[in-house]
Number of protein chains: 2
Amino acid sequence: MNREYSGKRRVDGGLDIRKEKILQVVTDDYIESAEPVGSRTIAKKYNLGISPATIRNEMSDLEESGYLRQPHTSAGRIPSHQGYRYYVDALMQERSLSQSELEAIRSEFEAKTKRIDSLLQQTIKVLSQLTKFPSLILAPQLHAAVFKYIQLVPINEYNILVLVVTDSGFIENKLIETPFPIHEDELQRISSMLNRKLQGVSLRNLGATLMREIKEEMLAHDRFFHETMQLLVKALETKEKERVYLEGAVNILEQPEFKEIEKLKPIMMLLETEEKRYNILADSSLTHGIRITIGEENTEEAAHECSIVTATYEVGGRTLGAIGVLGPTRMDYARVVSVVGFVAEYLSDLLTDLCKK
Amino acid sequence: MNREYSGKRRVDGGLDIRKEKILQVVTDDYIESAEPVGSRTIAKKYNLGISPATIRNEMSDLEESGYLRQPHTSAGRIPSHQGYRYYVDALMQERSLSQSELEAIRSEFEAKTKRIDSLLQQTIKVLSQLTKFPSLILAPQLHAAVFKYIQLVPINEYNILVLVVTDSGFIENKLIETPFPIHEDELQRISSMLNRKLQGVSLRNLGATLMREIKEEMLAHDRFFHETMQLLVKALETKEKERVYLEGAVNILEQPEFKEIEKLKPIMMLLETEEKRYNILADSSLTHGIRITIGEENTEEAAHECSIVTATYEVGGRTLGAIGVLGPTRMDYARVVSVVGFVAEYLSDLLTDLCKK
DNA sequence: GTTAGCACTCTCCTTTGTAGAGTGCTAACC
DNA sequence: GGTTAGCACTCTACAAAGGAGAGTGCTAAC
């Protein structure tokens, strides 16, 4: 804290050390206060060993090269998106969670519901409580899952409920309408057969595998069987939109940047539209690990004033889905990254436990 | 419209006709404009055949007896909660939906997902689109459902996934942890047995019925069977909180009464807390049909500035759950009641179709 | 290269004034 | 007695004006 930053040692390709320090200080302070940071404040509060005037000069340079910006002529500076990017990539101090926070997360998961689908909801509940930001979770992507169990349940004469359970215990269901009545025993027979044949098949290949089976078994069964299988393949192949759950949207109301209803509206709209929620998380669901998307880097226009921190959760190397939080670009990245990372890991562990025999 | 309301014929127990008319006009106008209604406006716009001064006198009376109130001394009048109540009970003109609206609802449901659980989400999506208010749905209450199918799926050595399907195709799942490994065949045997024994049993009595079965079959099976059944009964008896889904929360942002963030916050909080959502709908889930709850009649304090219109959906006389919308007390009750009623009926029909053989 | 000093700018808040809408009251009218 | 016109009064909303405070940019000196 008391080191002097008069030297001009350049960091490889980036800013010189003093500029870096100023960018860091401005960002840290703005993250905390949500107010533009002035040169005097910096000089007084952060003891850099240089005067406000010098800081002003440096800030002027930083603004010129795009790392800082001024909301209006006589205000202090705030980081630009580029500034945040630099901060996140180079300056941010990794912060690990406190013991009590880790404990809180664990105990929150301990009191777990015995409903497997609630696990997702619970995960983002924890996430939003810890980050104070709206949190999202992309449900396990079916094509990344492995088949565990299938059952055809007759709902009425012409409707069959198809239940597919994945290895991590998630359940997919589809309703099939048949043009002909099917007997319960027949369904049971088909279910048993499928369970035998499909063991361990990736859901990505389920349709294709089924198709092959049909051909093989074609002669052994009657017309009903054949047609039912056709319907089944079709039902399993129609990709449903992946679901993205949301929790803690109210938290966004606490952020000063959204205190005006007009600023708030696009964000709420974004959060409420499943497709847009999906867009926010989807990119990251491909790349393993933690990902930070700042401001205009977001593809969703409504999120141009926001940053999104996501992390994937996985089982045995397979990326199943992703979790993430959305907040103003002025967010405590260090903390959020730790939390999102830890929660994703925790969820991964829970699911891995479920998968392994 | 051109009738004169100078007479003072009293309506049984309520207000005299002219006061009623004024209350109605004030309410109608306020619902439309969201602005306090003045005497001059009424005289000019609604042609009641009386002067502003007379209207002022009447309004003064109406205020004294609690039907109207003034936001501030020199503003027009707006209905009090009591006024709305009177309006809803006695004055509101039932309005049926236009042919095109009915068509819109039907076609929205037509494009139905083949996922049975998405039906709920879809229902309130329609509801919120039509009413422009946040909409809620209380998922089918399990205890009101009838058993259709059960399956125990081994997830790993010590975890069993219990799937229960109800007659209307809804799926409940629970994860059971066993202290001992169970073989897949054993689970299959238990599942088959349960499916035979539990046909047509109400889920309300599932635990008890199971218990009885255990006793009967006790001798016929081994220790594992017995212990598994114990776990199963326990899992099925622990009541999970009933789920209440939400859709269209952004709509509340369009309402002028919530344009200030501080007014908005409690409402958003209310909508986001599942328990509170449940409280809003729960009352009505007991009483069959449509129910209007105005302002302070709501048990949830945050909803004291709101009204809630709910309707139950049912299958063959069994009330399964409820749908509802939440809006400012200044809502177009006539329209909302029609929409909520129709959508609830439509959902009931859909589910009834699924239930009947 | 660094710093002090100073004029300038911009926001935010408060004050002041005005227009507009609406009421309550009184006295007159039917 | 109910109804109405007239008028003073009240309150809000909006705009304009002024001052305090924070911060910058520039210049000249160190």
Side-chain angles (χ1 to χ4, degrees), chain A residues 3-10 15-19 21-23 25-26 29-30 33-65 67-80 256-257 259-260, chain B residues 4-10 15-19 21-22 25-26 29-30 33-65 67-80 256-257 259-260:
Chain A
R3 273 183 297 159
E4 299 216 350
Y5 289 92
S6 329
K8 273 229 151 186
R9 286 158 291 154
R10 272 195 144 259
L15 300 165
D16 70 54
I17 290 192
R18 195 168 70 183
K19 284 201 173 60
K21 187 65 193 171
I22 287 175
L23 177 56
V25 161
V26 168
D29 201 83
Y30 183 61
S33 69
E35 296 291 331
V37 190
S39 55
R40 238 176 75 88
T41 314
I42 295 178
K44 267 202 299 193
K45 203 162 154 191
Y46 294 92
N47 232 10
L48 302 186
I50 46 180
S51 77
T54 309
I55 295 173
R56 278 205 287 282
N57 288 333
E58 293 285 39
M59 290 208 293
S60 187
D61 290 355
L62 281 168
E63 182 168 1
E64 205 173 334
S65 41
Y67 294 97
L68 293 180
R69 61 195 187 86
Q70 252 179 321
H72 55 85
T73 323
S74 73
R77 301 299 207 298
I78 62 180
S80 66
E257 24 272 279
K259 66 176 197 293
E260 284 151 62
Chain B
E4 300 216 349
Y5 288 90
S6 330
K8 275 228 154 188
R9 287 158 290 152
R10 272 194 144 264
L15 301 163
D16 69 54
I17 290 191
R18 195 168 70 185
K19 284 203 173 60
K21 188 66 194 172
I22 289 176
V25 160
V26 168
D29 201 85
Y30 183 61
S33 69
E35 297 291 333
V37 189
S39 55
R40 236 176 76 87
T41 315
I42 295 179
K44 267 202 298 193
K45 203 162 155 191
Y46 294 93
N47 232 10
L48 301 186
I50 47 179
S51 77
T54 309
I55 294 173
R56 279 205 287 282
N57 288 332
E58 293 285 39
M59 290 207 293
S60 186
D61 289 355
L62 280 167
E63 182 167 1
E64 204 172 336
S65 40
Y67 294 96
L68 293 180
R69 61 194 187 86
Q70 252 179 320
H72 55 86
T73 324
S74 74
R77 300 302 206 297
I78 63 179
S80 66
E257 24 273 276
K259 66 176 196 294
E260 285 151 60

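Here is how names work: the chains are called A, B, and so on, in the same order as the sequence lines, proteins then strands, and each is numbered from 1. Only this structure's heavy atoms are used, side chains among them; waters, hydrogens and symmetry mates stay out. These figures come from a predicted structure and were not determined experimentally.
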Check: Quick one: A:Leu48 CG to C:dT2 C1', roughly how many Å, whole number?
Finding: 14 Å

Note to self: Can you give me the closest heavy-atom contact between A:Asp29 and A:Lys45, atom names plus distance?
What the structure shows: OD1-NZ, 2.7 Å

Next item on the list: Using the criterion of both pairing distances under 3.5 Å for Watson-Crick and G-U wobble pairs, give all stems of 3 or more consecutive pairs involving DNA chain D.
Entry: C:1-30 with D:1-30

Next item on the list: Applying salt bridge (charged side-chain N to carboxylate O under 4.0 Å, His left out), name anything that partners B:Glu63, two or more places apart in sequence or on another chain.
Entry: B:Arg77

Margin query: Within the structure provided, determine whether A:Arg56 and A:Pro52 are in side-chain contact (heavy-atom separation under 4.5 Å).
Written below: yes

Checklist line | Under the salt bridge (charged side-chain N to carboxylate O under 4.0 Å, His left out) test, residues paired with A:Glu35 that sit two or more places apart | finding: none

Check: A:Ile78 CD1 to C:dT11 P: how many Å, rounded?
Finding: 14 Å

Next item on the list: Apply side chain to side chain contact (heavy atoms under 4.5 Å, CB included) to A:Ser51 and list each qualifying residue two or more places apart in sequence or on a separate chain.
Entry: A:Ala53, A:Thr54

Item checked: Euclidean distance, atom NE2 of residue B:His72 to atom C1' of D:dT10 [Å, nearest integer] -> 10 Å

Next item on the list: Taking the side chain as every heavy atom from C-beta outward, state whether B:Leu15 and B:Leu62 have any atom pair closer than 4.5 Å.
Entry: yes

Checklist line | Contacts of type salt bridge (charged side-chain N to carboxylate O under 4.0 Å, His left out), residue B:Glu260, not counting sequence neighbours | finding: none

Checklist line | Between D:dT3 (P) and B:Ile22 (CD1): distance, integer Å | finding: 10 Å

Next item on the list: Quick one: list whatever passes side chain to side chain contact (heavy atoms under 4.5 Å, CB included) with B:Ser65, sequence neighbours left out.
Entry: B:Tyr67

Notebook entry, point to check: When every nucleotide of nucleotides 16-30 of chain C is labelled 5' to 3' by its protein contacts under 4.0 Å (heavy atoms), B for base, S for sugar-phosphate only, - for none, what sequence of letters results?
Noted result: -----BBBB------

